[in-house]
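A short write-up of the structure that comes next.
Numbers for residues simply follow the sequence, beginning at 1.
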Amino acid sequence: MSATASFKVPSARGAQPVTVSYTRAGRGEPLLLLHGIGHHRQAWDPIVDILATERDVIAVDLPGFGVSPGLPEGLAYDLPTTTSVFGAFCEALEIDRPHVAGNSLGGLLALELGRENLVRSVTALSPAGFWSQAERRYAFGVLIGMRRMAERMPLPLVERMARTAAGRVALTSTIYARPTRRSPEAVVAETLALAKATGFAETLRAGTTVQFTDDIPGIPVTVAWGTKDRLLVRRQGVRAKQIIPRARLVRLPGCGHCPMNDDPALVARVILDGSR
């Protein structure tokens, strides 16, 4: 069941109100789930029930994505602000240093929360920030193309395409290696989420200068990469291991950029093992 948390985040203009939408399920140590740019918390649906057998799972819509409102004027869609947002979010929910797992942009945010020592473990699935400039430009070009397509397609066409395997491939094969496993309803919902994401352009703009370059000592870190990731190629995982030498680097055979849908059992096991 969906809920919201509202709290204040410091800015140059004084404390600003932020509201984040989330769902919560399960019991055990808290585990925060962070999705990628243009996606929404339902990206985690294939594995939430598995994780919830062992964790108190909190899946969030990032500000300006899903049904979370955008950030107020005076707050930027950058890493320092988003780190502050989730620090304040955890305080509002009275969660002390949760485990965190993130995908793509969410993986980068998870690593940043780890670097700031705000979490007790990090699992990053195809995280952003380990790209070359050419790889970043390619990924951003693909994302912008996906966004434009989502914005321009009439809803009846999206619904009609989502009902066929070929249509689901056309709509989502950039992020899923096995797009036909995604339900028609989920494909329609995430296409709409991409089209309506108010934080998309500013988040992408903030990412043009992002490079993750710091080690994360003192907590367990897992970096996992799909062997069929077409958006952020898997050699970026090797770079991540070089920057965070004690990280566990895991290969996800047959998985794409959002591996939760491609192999739910494997990805859930990787997250649970990484959050012991």
Side-chain angles (χ1 to χ4, degrees), residues 31-51 55 57-62 65-66 79 82 86 98-115 119-131 135 139 142-143 172-179 181-182 186 190 203 207 210 212 216 219-241 243-244 247-276:
L31 169 64
L32 189 63
L33 300 180
L34 306 176
H35 64 76
I37 187 170
H39 226 152
H40 55 176
R41 64 174 182 259
Q42 288 85 350
W44 299 99
D45 281 357
I47 64 172
V48 164
D49 287 347
I50 307 173
L51 297 175
R55 298 286 181 274
V57 181
I58 303 109
V60 304
D61 280 331
L62 302 181
F65 298 93
L79 279 179
T82 311
F86 283 106
H99 301 285
V100 62
N103 174 224
S104 195
L105 167 64
L108 171 62
L109 296 175
L111 290 165
E112 188 70 11
L113 288 167
R115 193 180 69 81
V119 294
R120 63 185 83 175
S121 75
V122 173
T123 303
L125 310 174
S126 296
F130 297 99
W131 41 42
E135 289 163 351
V142 172
L143 288 166
T172 65
S173 62
T174 304
I175 59 172
Y176 300 128
R178 296 166 177 142
R181 290 188 177 183
R182 203 75 171 133
E190 62 196 351
T203 299
V210 166
F212 198 89
I216 305 176
I219 64 170
V221 176
T222 300
V223 176
W225 229 284
T227 60
K228 294 188 175 181
D229 192 328
R230 296 174 58 191
L231 189 64
L232 298 179
V233 290
R234 61 178 174 167
R235 62 175 169 264
Q236 294 172 38
V238 177
R239 291 187 202 127
K241 173 71 173 170
I243 290 164
I244 312 168
R248 180 177 66 129
L249 181 60
V250 179
R251 181 174 171 268
L252 303 174
C255 289
H257 184 63
C258 298
M260 305 83 78
N261 178 76
D262 292 327
D263 195 335
L266 172 62
V267 174
R269 178 49 50 198
V270 168
I271 293 172
L272 290 171
D273 287 348
S275 58
R276 297 292 176 201

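Applying the side chain to side chain contact (heavy atoms under 4.5 Å, CB included) criterion to Ala224, with sequence neighbours excluded, gives Leu125, Val250, Leu252, Val270. In this structure, the side chain to side chain contact (heavy atoms under 4.5 Å, CB included) partners of Ser275, at least two apart in sequence or on a different chain, are Arg55, His99, Ser121. For Asp273, the salt bridge (charged side-chain N to carboxylate O under 4.0 Å, His left out) partners are Arg269, Arg276, not counting sequence neighbours. Take His257 and apply the side chain to side chain donor-acceptor pair (under 3.5 Å) test, not counting sequence neighbours, and it matches Ser104, Asp229. In this view, Val142 and Tyr138, Met146, Thr174, Leu231 satisfy the side chain to side chain contact (heavy atoms under 4.5 Å, CB included) rule, not counting sequence neighbours. Residues meeting the salt bridge (charged side-chain N to carboxylate O under 4.0 Å, His left out) test with Arg178, sequence neighbours left out: none. Taking the side chain to side chain donor-acceptor pair (under 3.5 Å) definition, one finds that Arg181 meets it with nothing, sequence neighbours left out. Partners of Arg182 by side chain to side chain contact (heavy atoms under 4.5 Å, CB included), not counting sequence neighbours, listed by chain and number: Pro46, Tyr176, Ala186, Val187, Glu190, Asn261. Scored by the side chain to side chain donor-acceptor pair (under 3.5 Å) test, Arg115 finds Glu112, Asp214 as partners (sequence neighbours excluded).
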Take Phe130 and Ile244, measure what side chain to side chain contact (heavy atoms under 4.5 Å, CB included) needs, and give me the verdict at the end. CA-CA 11 Å; Phe130 297 99; Ile244 312 168; 4.3 Å; yes

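Side-chain contact check for Thr82 versus Thr203: every heavy-atom pair is 4.5 Å or farther apart. Between Ile37 and Phe65 the shortest side-chain heavy-atom distance falls below 4.5 Å. The side-chain heavy atoms of Phe86 and Leu34, taken from C-beta on, include a pair separated by under 4.5 Å.
Residues in residues 37-51 take part in these salt bridge (charged side-chain N to carboxylate O under 4.0 Å, His left out) pairs, two or more places apart or across chains: Arg41-Asp61. Residue pairs meeting the salt bridge (charged side-chain N to carboxylate O under 4.0 Å, His left out) criterion with at least one partner in residues 257-266, sequence neighbours excluded, are absent. Residue pairs that meet the salt bridge (charged side-chain N to carboxylate O under 4.0 Å, His left out) test with at least one member in residues 101-111, sequence neighbours left out, do not exist here.
A donor-acceptor pair under 3.5 Å is absent between the side-chain atoms of Trp44 and the main chain of Ile58, judged by distance alone.
Open room surrounds NZ on Lys228; 12 or fewer heavy atoms of other groups in view lie less than 6.0 Å from it.
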